[in-house]
There are 2 protein chains.
Amino acid sequence: MNVRQRLSPARVVDAALELVDEQGVEALTLAAVAAKTGVATPSLYKHVASLGELRGLLGVRVLEEMTERFTSAVIGRAGDDAVAALMHAYRAYVREHPKRYAAMPMDPLHDELQRAAGVKLMEVMLATLRSYGMEGSQAVHATRRLRVIVHGFASIESSGGFGLPEGLDDTYDQLVRMYLDDLRGQS
Amino acid sequence: MNVRQRLSPARVVDAALELVDEQGVEALTLAAVAAKTGVATPSLYKHVASLGELRGLLGVRVLEEMTERFTSAVIGRAGDDAVAALMHAYRAYVREHPKRYAAMPMDPLHDELQRAAGVKLMEVMLATLRSYGMEGSQAVHATRRLRVIVHGFASIESSGGFGLPEGLDDTYDQLVRMYLDDLRGQS
DNA sequence: TTGCAAGGCTAAGGGCATTAGCTTTTGAGC
DNA sequence: GCTCAAAAGCTAATGCCCTTAGCCTTGCAA
């Protein structure tokens, strides 16, 4: 029996992700998710506590996807090669899912799961920088600078904040080179 | 008569700005603005076309304030001195009004006024870089890199995205130095 | 086979944005 | 000072959305 696949929290997040990718965050409504999953709105509460929690789960999912992709981008590489690969993987993910990225708040303060997922992503960055022999606070600062650059660019690009997209690849290459030079100077 | 100051679009934006500063974007609701201005909700429509337009006006206001402050920060300075002053002024503004900054979308595509205000802000950056003798696309790239850094940091800091705020001043100083070194290399 | 828990549904309440249509105020021109 | 029209306010009402309550069905485990 049970022709129709039963719902689960994961499937709800799937639908929410589709919705965000197609129409942006403001379209993420329980009513729309319910329609997409073929269920009445209140039924979603059997799988998700609230719209707020769904947003949190969405953030966790995105952070996990990013962590996974950055990890495989970096594996087998070291030094400048690894850092450049990480930065390009970051931008590539955001270009594939711009609305999804723009949807994810940088503010994981109220969501423990999301905070944990964010920490894991940062650990990938930290580990990548370890091949430069950085330790302690020096490594923390270097990770922050990296984050500022990749997120700054991604945030502006994903929301169409750059005027014309002309030469954006060049701009990003310059940022990568700037950061690599910076690392060289610090070590 | 008329003890109570009559409402105007500017006063509506004032109230909205207060609301955002105090409680964040999600608290920006026409009902709340109406309460703060001592008026019934539908009366706001005599001054503002919709909640969306109010958000746009808010963005314009913030961009104008930033432009003004950055302009006076930069006036009378040149070269590295000017760039450093601009970057520090940017961060200072965002630290004073973190929620306000986080509220402003990077996406001015649907709002012509906001786009124009953004262009003016970028012109201040461009003008500041002109003392490096940059022209055309080189100047555009340099402006973009600057924007990525200041916005990236501001975006993360304003939404509490850095874990502990420990050493954030140092991190920012390093970013400033990184960018100045980068400019030196490009010229 | 029985019974219970999981998962679905309808009904209903409350908040918000927005529109319609009315009333009051105000100020410009006479 | 008076008139009257536009500006600015209000109440009523609609529709969408989140959320809760309470009920019904299904499927599985004992």
Side-chain angles (χ1 to χ4, degrees), chain A residues 1-61 99 103-105 107 110-111 113-114, chain B residues 1-61 99 103-105 107 110-111 113-114:
Chain A
M1 303 302 117
N2 222 5
V3 175
R4 171 184 313 260
Q5 192 61 267
R6 266 237 302 307
L7 223 46
S8 71
R11 280 185 51 74
V12 172
V13 173
D14 289 344
L17 225 37
E18 274 184 46
L19 217 59
V20 168
D21 281 342
E22 291 163 3
Q23 311 179 46
V25 219
E26 65 284 352
L28 177 56
T29 163
L30 286 183
V33 172
K36 199 177 258 289
T37 54
V39 116
T41 307
S43 304
L44 294 175
Y45 285 83
K46 292 290 157 95
H47 306 282
V48 152
S50 68
L51 176 60
E53 190 192 85
L54 178 55
R55 290 205 192 97
L57 292 175
L58 216 75
V60 171
R61 176 76 73 85
K99 297 187 183 166
M104 193 189 45
D107 160 17
H110 294 297
D111 188 326
L113 287 177
Q114 200 172 339
Chain B
M1 301 303 117
N2 222 4
V3 175
R4 170 183 315 260
Q5 192 61 265
R6 265 239 301 309
L7 223 46
S8 72
R11 281 186 50 75
V12 172
V13 173
D14 290 344
L17 224 38
E18 274 184 43
L19 217 60
V20 168
D21 280 343
E22 291 163 3
Q23 311 179 45
V25 218
E26 66 283 353
L28 177 57
T29 164
L30 287 183
V33 172
K36 199 176 257 289
T37 54
V39 117
T41 306
S43 303
L44 294 175
Y45 286 84
K46 293 289 156 95
H47 306 281
V48 152
S50 68
L51 176 60
E53 190 192 85
L54 178 55
R55 290 206 192 96
L57 293 175
L58 216 77
V60 171
R61 177 76 73 85
K99 297 188 183 165
M104 193 188 45
D107 160 18
H110 295 296
D111 187 327
L113 288 178
Q114 199 172 341

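Naming convention: chains lettered A, B, ... in sequence-line order (proteins, then strands); numbering from 1 in each chain.
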Open item on the list: Does this structure show an ion pair linking B:K36 with B:E22, if we count only N-O contacts that are shorter than 4.0 Å?
Closed with: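 Counted as a salt bridge, because a side-chain N and a carboxylate O are separated by less than 4.0 Å.
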Task: Electrostatic pair A:D111-A:R55, nearest N-O below 4.0 angstrom - done: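 Looking at A:D111 and A:R55, the cut-off is not met.
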Find the distance [X]:[atom1] to [N]:[atom2] and express it as a whole number of Å.
{"X": "A:L28", "N": "D:dC16", "atom1": "CG", "atom2": "P", "answer": "18 Å"}
{"X": "B:H47", "N": "D:dA8", "atom1": "NE2", "atom2": "P", "answer": "6 Å"}
{"X": "B:K46", "N": "D:dA8", "atom1": "NZ", "atom2": "C1'", "answer": "5 Å"}
{"X": "B:L30", "N": "C:dC16", "atom1": "CG", "atom2": "C1'", "answer": "9 Å"}
{"X": "A:Y45", "N": "D:dT20", "atom1": "OH", "atom2": "P", "answer": "6 Å"}
{"X": "A:E26", "N": "C:dA17", "atom1": "CD", "atom2": "P", "answer": "16 Å"}
{"X": "B:L44", "N": "D:dC10", "atom1": "CG", "atom2": "C1'", "answer": "12 Å"}

- [ ] Identify which nucleotide among C:dT18, C:dC16, D:dG9 has an atom closest to any side-chain atom of B:V39, counting heavy atoms from C-beta outward.
- [x]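 Closest nucleotide to the B:V39 side chain: D:dG9.
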Open item on the list: Could you walk me through whether A:R61 and A:L57 satisfy the side-chain contact (heavy atoms from CB on, under 4.5 Å) test, starting with their C-alpha distance in whole Å, then the side-chain angles of each, then the deciding distance to 0.1 Å, before giving a yes or no?
Closed with: CA-CA 6 Å; A:R61 176 76 73 85; A:L57 292 175; over 6 Å; no
- [ ] Check whether any side-chain N or O of B:T37 sits under 3.5 Å from a backbone N or O of B:V33 as a donor-acceptor pair, and report yes or no.
- [x]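 Indeed, once roles are kept as given, a pair shorter than 3.5 Å links the two residues.
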Open item on the list: Using modelled atom types and a 3.5 Å cut-off, is there a donor and acceptor pairing between side-chain atoms of B:Q23 and backbone atoms of B:L19?
Closed with: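 No, B:Q23 side chain to B:L19 backbone: no donor-acceptor pair under 3.5 Å.
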Task: side-chain contact (heavy atoms from CB on, under 4.5 Å) between B:S8 and B:R11, worked out - done: CA-CA 5 Å; B:S8 72; B:R11 281 186 50 75; 3.7 Å; yes
Close N/O contacts between protein and nucleotides 10-14 of chain C (under 3.5 Å):
none

Task: Residue pair A:L58, A:L28: steps toward the side-chain contact (heavy atoms from CB on, under 4.5 Å) verdict - done: CA-CA 11 Å; A:L58 216 75; A:L28 177 56; 4.0 Å; yes
Task: Gap between atom NE2 of A:H47 and atom CG of A:L7 - 0.5 Å precision - done: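 One finds 4.0 Å between CG of A:L7 and NE2 of A:H47.
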TODO: Measure the spacing between OG1 of B:T41 and CG of B:L30 and express it to the nearest 0.5 Å.
DONE: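 Between atom OG1 of B:T41 and atom CG of B:L30 there are 7.0 Å.
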TODO: List in numerical order all residues of residues 50-59 of chain A for which some heavy atom is under 4.0 Å away from an atom belonging to DNA chain D.
DONE: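 Here the set is A:S50, A:L51.
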